[in-house]
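Report on the structure given below.
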2 protein chains.
Amino acid sequence: MRIAEVSKKYNLTEDTIRYYEKIGLIPRVPRTKSGIRDFDDESCRWIEFIKCMRNSGMTIEVLTEYINLYKQGDKTIEARKKLLIEQKEKLLSKQEEIANTIKRLEYKIEIYNEIAKGERKDFLKEP
Amino acid sequence: MRIAEVSKKYNLTEDTIRYYEKIGLIPRVPRTKSGIRDFDDESCRWIEFIKCMRNSGMTIEVLTEYINLYKQGDKTIEARKKLLIEQKEKLLSKQEEIANTIKRLEYKIEIYNEIAKGERKDFLKEP
DNA sequence: TATTGACTTAAAGTTAACTCTAAGTGATAA
DNA sequence: TTATCACTTAGAGTTAACTTTAAGTCAATA
């Protein structure tokens, strides 16, 4: 699989994919004899994994650390697990924060609805 | 209330608060005769609101748009409501994405646990 | 055979969101 | 009254995460 195809498949620009490889965010992608990237299944799975984690806000720094541990083999399994647990905790906090913000927005939207229906004359004291 | 106090109260640097005011992310804060910011209740509520929204990932661009609408008065109430609804939708998507990532991390962590307990010999095919 | 187009690299540029610096003012403590 | 300290401003600098550019290679098509 060439980079163009992978780019479409995961909706990431070719530049971003090359960039991810360059900084070690995904393991080195195999090349053809003429030096062109030839993505195999494993490369694709890494890209999909990184994309998922990045989209949830995990930093490149943390993810490259994870890849570096992976490259060092099975002796880093505990360290990798620890890293994943920490990141999961972070996502849980974030999830809570977002849930609260959504509630707050819903409340504000409700007030706007009441105003629209004329049920509220005490015009909006923002915020 | 002076900026130092507000900074502690909301855990934002003084620079960030001044920056937020400068770019119009919060309405202009009242000053003493000698020109020093004197935060009243409303200013504080704006800061708290903006902090909450920023922490959930809402962009400065969207938030300044909201403040600008607010400054134009009641005729922008519908527009403000629309903006909030859009942002709420975005947060809902984000929430879902994060929930999926958390599940994925939990699955991976579980596999690491099985490996640790020796229940799995097929050593980890990442990712 | 010449040219097109997808690929390569290294390195410079961009964007969002701060963060810091420099130069200056005004009120209070020694 | 002098010096300290919290504040002011405008503007330059930083960081993370891309994104673009420039210069070049290679394989397939006109």
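Note on naming: letters A, B, ... go to the chains in the order of the sequence lines (proteins, then strands), and numbering restarts at 1 for each one. Keep in mind that the numbers below use all heavy atoms, side chains included, and drop hydrogens, waters and symmetry copies.
- Closest approach to the B:D15 side chain among C:dT8, C:dC18, C:dT19 is made by C:dT19 (side chain taken as heavy atoms from C-beta onward).
- Note: NZ (B:K22) to P (C:dT19) measures 14 Å, nearest angstrom.
- Rounded to whole Å, the distance from CG on B:N55 to P on C:dA17 is 13 Å.
- Here B:Y70 and B:W46 bring their ring centres to under 6.0 angstrom of each other.
- The residue among A:I36 and B:R2 whose nearest nucleotide of DNA chain D lies closer to the 5′ end is B:R2.
- Under a 3.5 Å cut-off, the side chain of B:K51 and the backbone N or O of B:L12 do not form any donor-acceptor pair.
- B:E5 has its CD atom 14 Å from the P atom of D:dA6, to the nearest Å.
- Between B:R54 and C:dC18 there is a side-chain polar atom (N or O) within less than 4.0 angstrom of OP1 or OP2.
- Here the C1' atom of nucleotide C:dA17 and the CD1 atom of B:I60 are 5 Å apart, to the nearest Å.
- When the nucleotides D:dT9, C:dA6, C:dT8 are ranked by their closest atom to the side chain of A:R37, C:dT8 comes out on top.
- As a whole-Å value, the separation of B:I23 CD1 from C:dA17 P is 8 Å.
- Dashed line: the shortest gap from a side-chain N or O of B:R31 to OP1 or OP2 of D:dT9 is under 4.0 Å.
- Atom P of nucleotide C:dA27 and atom CG of B:D38 are separated by 14 Å, given to the nearest angstrom.
- Among C:dG26, C:dT9, D:dT19, the nucleotide with an atom closest to any side-chain atom of A:Y19 is D:dT19.
- Counting only heavy atoms from C-beta on, B:Y20 has its side chain closest to C:dC18 among D:dT8, D:dA27, C:dC18.
- Distances shown here put every side-chain N or O of B:T59 at or beyond 4.0 Å from the OP1 or OP2 atom of C:dA16.
- Nearest to the side-chain atoms of B:T13 among the listed nucleotides C:dA11, C:dT19, D:dC18 stands C:dT19.
- At whole-Å resolution of the value, CE in B:M58 and P in C:dA17 are 12 Å apart.
- When the P atom of C:dC18 is taken as reference, atom NZ of B:K51 falls 12 Å away, rounded to whole Å.
- Between atom CD of residue B:Q95 and atom CD of residue A:E97 there is a gap of 12.0 Å, rounded to the nearest 0.5 Å.
- Of the candidates D:dC7, D:dA10, C:dC18, D:dC7 carries the atom nearest the B:A4 side chain, counting heavy atoms from C-beta on.
- Scanning both residues, A:T101 and B:C52, for their nearest heavy atoms gives OG1-SG, 3.6 Å.
- Nearest nucleotide to the side chain of A:E14, out of C:dC7, D:dC18, D:dA6: C:dC7.
- Put simply, B:R18 has no side-chain N or O that comes within less than 4.0 Å of OP1 or OP2 on D:dT9.
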Give the intermediate values and the outcome of salt bridge (charged side-chain N to carboxylate O under 4.0 Å, His left out) for residues A:R80 and B:E126.
CA-CA 11 Å; A:R80 274 184 264 166; B:E126 297 260 18; 2.8 Å; yes
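- When each of B:T59, B:V62, B:L92 is paired with B:Q87, the side chain to side chain contact (heavy atoms under 4.5 Å, CB included) condition holds for B:V62 and for no other.
- An OP1 or OP2 oxygen of D:dT19 is reached within less than 4.0 angstrom by a side-chain nitrogen or oxygen of A:T16.
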